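Beneath this line is the structure, given in structure tokens, with notes to follow.
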There are 2 protein chains.
Amino acid sequence: MALKHVILTVLHEGPATGYEIVKAFDDVMGYFWNASHQQVYHDLGRLTEAGLVRFTEVSQDHRPDKKVYELTSEGRDALRHWVEAPMKPQRTQDELLVRLLAGERVGSQGMEDLVASQRTLHEEKLRTYLAIEAEHFREVPLEALPPEHRLVYMTLRRGILGERAWLAWADEVEAVLATMRE
Amino acid sequence: MALKHVILTVLHEGPATGYEIVKAFDDVMGYFWNASHQQVYHDLGRLTEAGLVRFTEVSQDHRPDKKVYELTSEGRDALRHWVEAPMKPQRTQDELLVRLLAGERVGSQGMEDLVASQRTLHEEKLRTYLAIEAEHFREVPLEALPPEHRLVYMTLRRGILGERAWLAWADEVEAVLATMRE
DNA sequence: TATCTCATGTAAGTGGTTACATGATTGC
DNA sequence: GCAATCATGTAACCACTTACATGAGATA
């Protein structure tokens, strides 16, 4: 249900093509949402059917034709209602934890490697986020940031705090795995 | 793909009914995995077809009949291979962050309430986890814990560290929302 | 008398991934 | 000449949710 609303949120900023929305997932939204281009195009189709967005086809020279989507007033209303609606509990499914338990039970020897490889990924993410923070959000106090950037910054902070917590946990796990090695 | 492996992991401990596996999600695995009973029964069917588990029907007095599932040796092998297989990136989809951005854009007045209600949920979770930790895992040093409980404890620690990070982030968000109120 | 526990499922639908498909233009 | 960017989609499949369905026994 949520991807549709993510798309509506992007389009609330202004008209965009499916291609541009997909890019937004790789750029700004990458650290709290991801979606394949297929799913985005699919949902744009559903949203159009539902009358929440509309598009105008634009033919271009030297480039494929494109469809520029924009919110309808129904889409704007739908987004407004969704924001205020009660949130149902997110599901938690952490595959690494399952692997650790399973690995212990089957007597796997590769659990240190498994954790180490995940650690690398999380360290990279954290480094990226900190670089973005240093470049775009180093203003202190917060009031120095333009209001419309403050919550965007908070989504980045979520990533930073989340990754730090993960890494602190990984330290504990590595210590535990060391006690079990002997 | 992963729920099947979670089920195999549970069954590696010993035979169980679908009902008991579902209960395990409410108890021990609740803080890092959840699944509906329908999905569990469905996947037990698929796993049986695939020859990774088998069941024996047990008829009971004063109780419905039940199917007691156990791992086959193929199932044991499949679990062993899965543990060592490379992990593909998990998807990140944080609905609350989308709501905050959307709420800002549509000019919603209810964002403090939204964050507050989520905070309550996370505080409750943290309290539960800390209670479990105090009751079952207070042994220090870690070597005092039986080896087979140490990684189980680490799954709990993941929950604790994750919830604390979430709450620290919520503090920041509330401060930001306060700057935007004026 | 009402709710909880035990115990298992079907059917319909939502949300998402993976593989496949096309094809011109721009930059190294 | 080769990869990346721009730009859109279909088809098959996988994972999961929600609603519906049944029914006995134990507990308050």
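Order of the sequence lines sets the chain letters (A, B, ...), proteins ahead of strands, with each chain counted from 1. In this text, all values refer to a predicted model and were calculated from it rather than measured experimentally. FYI, side chains are in, hydrogens and waters are out, and symmetry mates aren't considered; it's all heavy atoms of this structure.
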Could you tell me the separation between the [atom1] atom of [X] and the [atom2] atom of [N], rounded to a whole number of Å?
{"X": "B:Gln39", "N": "D:dT18", "atom1": "CD", "atom2": "C1'", "answer": "12 Å"}
{"X": "B:Lys67", "N": "C:dT8", "atom1": "NZ", "atom2": "C1'", "answer": "8 Å"}
{"X": "A:Glu57", "N": "D:dT8", "atom1": "CD", "atom2": "C1'", "answer": "10 Å"}
{"X": "B:Asp43", "N": "D:dA15", "atom1": "CG", "atom2": "C1'", "answer": "8 Å"}
{"X": "A:Arg46", "N": "C:dG16", "atom1": "CZ", "atom2": "P", "answer": "14 Å"}
{"X": "B:Lys66", "N": "C:dT5", "atom1": "NZ", "atom2": "C1'", "answer": "13 Å"}
{"X": "A:Ile21", "N": "D:dC6", "atom1": "CD1", "atom2": "P", "answer": "15 Å"}
{"X": "B:Gln60", "N": "D:dG23", "atom1": "CD", "atom2": "P", "answer": "18 Å"}

Q.
What's B:Gln38 touching, base or sugar-phosphate or nothing? Going by heavy atoms closer than 4.0 Å.
A. base
Q. How is B:Gln93 classified with respect to the nucleic acid when contacts are heavy atoms under 4.0 Å: base, sugar-phosphate, or nothing?
A. sugar-phosphate
Q | Polar side-chain contact A:His37-D:dG9 base: donor and acceptor under 3.5 Å | A | yes
Q | Closest to side chain of B:Tyr19, choosing from D:dC16, C:dC6, C:dG9 | A | C:dC6
Q. Are B:Asp26 and B:Lys23 ion-paired here, with the side-chain N under 4.0 Å from a carboxylate O?
A. no
**Q.** A:His42 atom NE2: more than 12 heavy-atom contacts under 6.0 Å
**A.** no
Does [X] make a side-chain N or O approach to OP1 or OP2 of [N] shorter than 4.0 Å?
{"X": "A:Lys4", "N": "C:dG15", "value": "yes"}
{"X": "A:Lys23", "N": "D:dA7", "value": "no"}
{"X": "B:Lys88", "N": "C:dT17", "value": "no"}
{"X": "B:Tyr41", "N": "C:dT8", "value": "yes"}
{"X": "A:Ser36", "N": "C:dT17", "value": "yes"}

Q. Between A:Leu44 and A:Lys67, is any pair of side-chain heavy atoms under 4.5 Å apart?
A. no
Q: Could you check if a side-chain atom of B:Leu161 sits within less than 4.5 angstrom of a side-chain atom of A:Glu172, using non-hydrogen atoms only?
A: yes
Q.
Using 0.5 Å steps for rounding, measure from the OG1 atom of A:Thr72 to the CG atom of A:Leu47.
A. 9.0 Å
Q. Mapping B:Asp65 and B:His42 to their closest nucleotides on DNA chain C, which lands nearer the 5' end?
A. B:Asp65
Q) Between B:Ala35 and B:Pro64, which has a closest nucleotide on DNA chain D that is more 5'? A) B:Ala35
